2 protein chains.
Amino acid sequence: MANIMATKIDSESDQTLVSRIEADLLAGHFRPGEWLKQADVEANYNANRFDVRMALLDLKARQLIEHIPNRGFRVINLSEREREELFETRSILETAAAKLAAERISDETIAELEAIVRQFEVQMETAELDELRALNGRFHDLLYQSSGNSLLAEEIKALRQRGLPGARGGGLAWRTMAGILQSHEDHVRMIALLRARDGDGLAEAICGHLNMWRKYLPKP
Amino acid sequence: MANIMATKIDSESDQTLVSRIEADLLAGHFRPGEWLKQADVEANYNANRFDVRMALLDLKARQLIEHIPNRGFRVINLSEREREELFETRSILETAAAKLAAERISDETIAELEAIVRQFEVQMETAELDELRALNGRFHDLLYQSSGNSLLAEEIKALRQRGLPGARGGGLAWRTMAGILQSHEDHVRMIALLRARDGDGLAEAICGHLNMWRKYLPKP
DNA sequence: ATTGCCAAAATGGTAGCCAATTTCTTCGAT
DNA sequence: ATCGAAGAAATTGGCTACCATTTTGGCAAT
């Protein structure tokens, strides 16, 4: 009896507490700078105080939230400057990884990438934004994993995630349909460049892709 | 009375527990793969169980130690492959940062760097290895901070540190005096390249500097 | 020598307490 | 009425203790 109850209660949390909060953070379900009060998290995620503390510490270590002593934790809120630095650093890592990937990627993996891009194309009009965001993430993760350097890939992933919390609509230029379409076309082009083993071209494409959002900013 | 006692007891730990353990890790005072049992740490650092746990979690987040469920924490022990990946990634970031630094660094900061190098030269024969290691760290930190991108600098610092735990003698090619001397000469050369604003040359120097240790390996 | 079993050791999840700090509220003074 | 200060409420966070789970290590039996 008690076991069944416990299972039922936990049913919605087949994932760990951290990953549930993380998912909400990366999906932009919190506002930048929003306070994550322990009591609230405790209630909203149906967890106990200790787990909440551990989860928040974990997320803090990954810089998705920040910690202010005696105040608590709040969603990261990057300054203009920090955002610049983030994109500069991502450009460095991602262009380098792209060049490596162009050399090392296998034909099978290119096919996998293409499958993701196709799925993106199909779901672009119907699916929810979160779904598209997930596909986008899978595309880039797989691409950078193909660099053959998984530490590099992890580093890139971590940096990408740091830009997401509090960024509405997935965080890039994805506020507009045009942005999403542009993103998709970039991906198609990347596949072609991978097939052509054009590392430099790919790097350039990545750079443009990364800085795409600038075109869609309210006030540049 | 009690206050004075407390202060005295804490006197040796004016730094936090994490930074004390961290210092020992980075100085190579633990062996790679060595277990950090909670009880031992508790005793050796004169701390309580809770603080130890928090400290170990923190160090785990920075990948200086790893955590195996129900076994505990142990000093990171990089595989050959992981070490390759680490250096490849560092090369990418550090050469990029060096190029930026060559553009953006001020004359004052170059002078600061030179001061560190001079101090290194003076202390090379007399000072302890830990002292030299600290100076080396300050040199590289300041250099990469001069890229004007502090996120980039932090990232580089974190990656550098990940290579240190368990690496005897500071972790690089610093097992031999020749390695230390080589390192110093590299630094001198870097200063010259900075003065000449030769970003590409500097990047190349960094690359060689980073991969210097290969020459001094027991079995390549 | 190998296997199985039991005891000892260690981890790690949990509850709960209370001091320090911040935030909110209320009250009083100008 | 506004501002400021004192006090109350809320919140964080450091800490102790407990014990279930798991692993480890040793000992005995085959």
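As the structure is a prediction and not an experimental result, all values here were calculated from the model. A, B, ... follow the sequence lines: proteins, then strands. Residue 1 opens every chain.
Counting non-hydrogen atoms under 4.0 angstrom, Ile68(A) reaches the backbone sugars and phosphates but no base. Nucleic acid contact for Leu57(B): none, since no nucleic acid atom lies under 4.0 Å from a heavy atom of the residue. Counting non-hydrogen atoms under 4.0 angstrom, Arg53(B) reaches a base of the nucleic acid. Backbone-only engagement by Arg71(A) is indicated by non-hydrogen atom pairs under 4.0 Å involving sugar-phosphate atoms exclusively.
Between dT16(D), dT11(C), dT11(D), one nucleotide has an atom nearer to the side chain of Lys37(A) than all others, and that is dT11(D). For Phe73(B), whose side chain is taken as the heavy atoms from C-beta onward, the closest listed nucleotide among dG13(D), dT16(D), dG12(C) is dG12(C). For Asn48(A), the side-chain atoms get nearest to dA15(C) when compared with the rest of dT11(D), dT11(C), dA15(C).
Formation of a donor-acceptor pair under 3.5 Å by the Thr109(A) side chain with backbone atoms of Ile105(A) is not found in this model.
Put simply, CG on Leu17(B) is 14 Å from C1' on dC15(D), counting in whole angstrom units. In this structure, Trp35(A) atom CH2 and dT22(C) atom P are separated by 11 Å, rounded to whole Å. Between the CZ atom of Phe50(B) and the P atom of dC18(C) there is a distance of 17 Å, rounded to whole Å. The distance from atom CD1 of Ile65(A) to atom C1' of dT12(D) is 14 Å, rounded to the nearest whole Å. Between Gln38(B) atom CD and dT22(D) atom P the separation is 17 Å, expressed in whole Å. Per the geometry, CG belonging to Asp51(B) stands 14 Å off P belonging to dG13(D), to the nearest Å. Rounded to an integer number of Å, the gap from Met54(B) CE to dG12(C) P is 14 Å. Going from atom NZ of Lys60(A) over to atom P of dG13(D) covers 9 Å, rounded to whole Å.
Residues Asn70(A) and Leu36(B) each lie close to DNA chain C; by heavy-atom proximity, the contact nearer the 5' end of the strand is made by Leu36(B). Positionally, the nearest nucleotide of DNA chain D for Ala39(A) lies more toward the 5' end than for the other of Ala39(A) and Arg49(B).
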Residue pair Asp141(A), Gln145(A): steps toward the side-chain hydrogen bond (donor to acceptor under 3.5 Å, both in side chains) verdict: CA-CA 6 Å; Asp141(A) 286 344; Gln145(A) 276 294 341; over 6 Å; no

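Close to dG13(D), at under 4.0 Å from its OP1 or OP2, lies a side-chain N or O of His67(A).
Within 6.0 Å of CZ on Arg81(B) lie no more than 12 heavy atoms contributed by other residues, nucleotides or ligands.
For the side chain to side chain donor-acceptor pair (under 3.5 Å) with His140(B), the lone residue among Glu94(B), His187(B), Arg160(B) that qualifies is His187(B).
With respect to the salt-bridge test (charged N to carboxylate O, under 4.0 angstrom), the residues Glu112(B) and Arg118(B) do not qualify.
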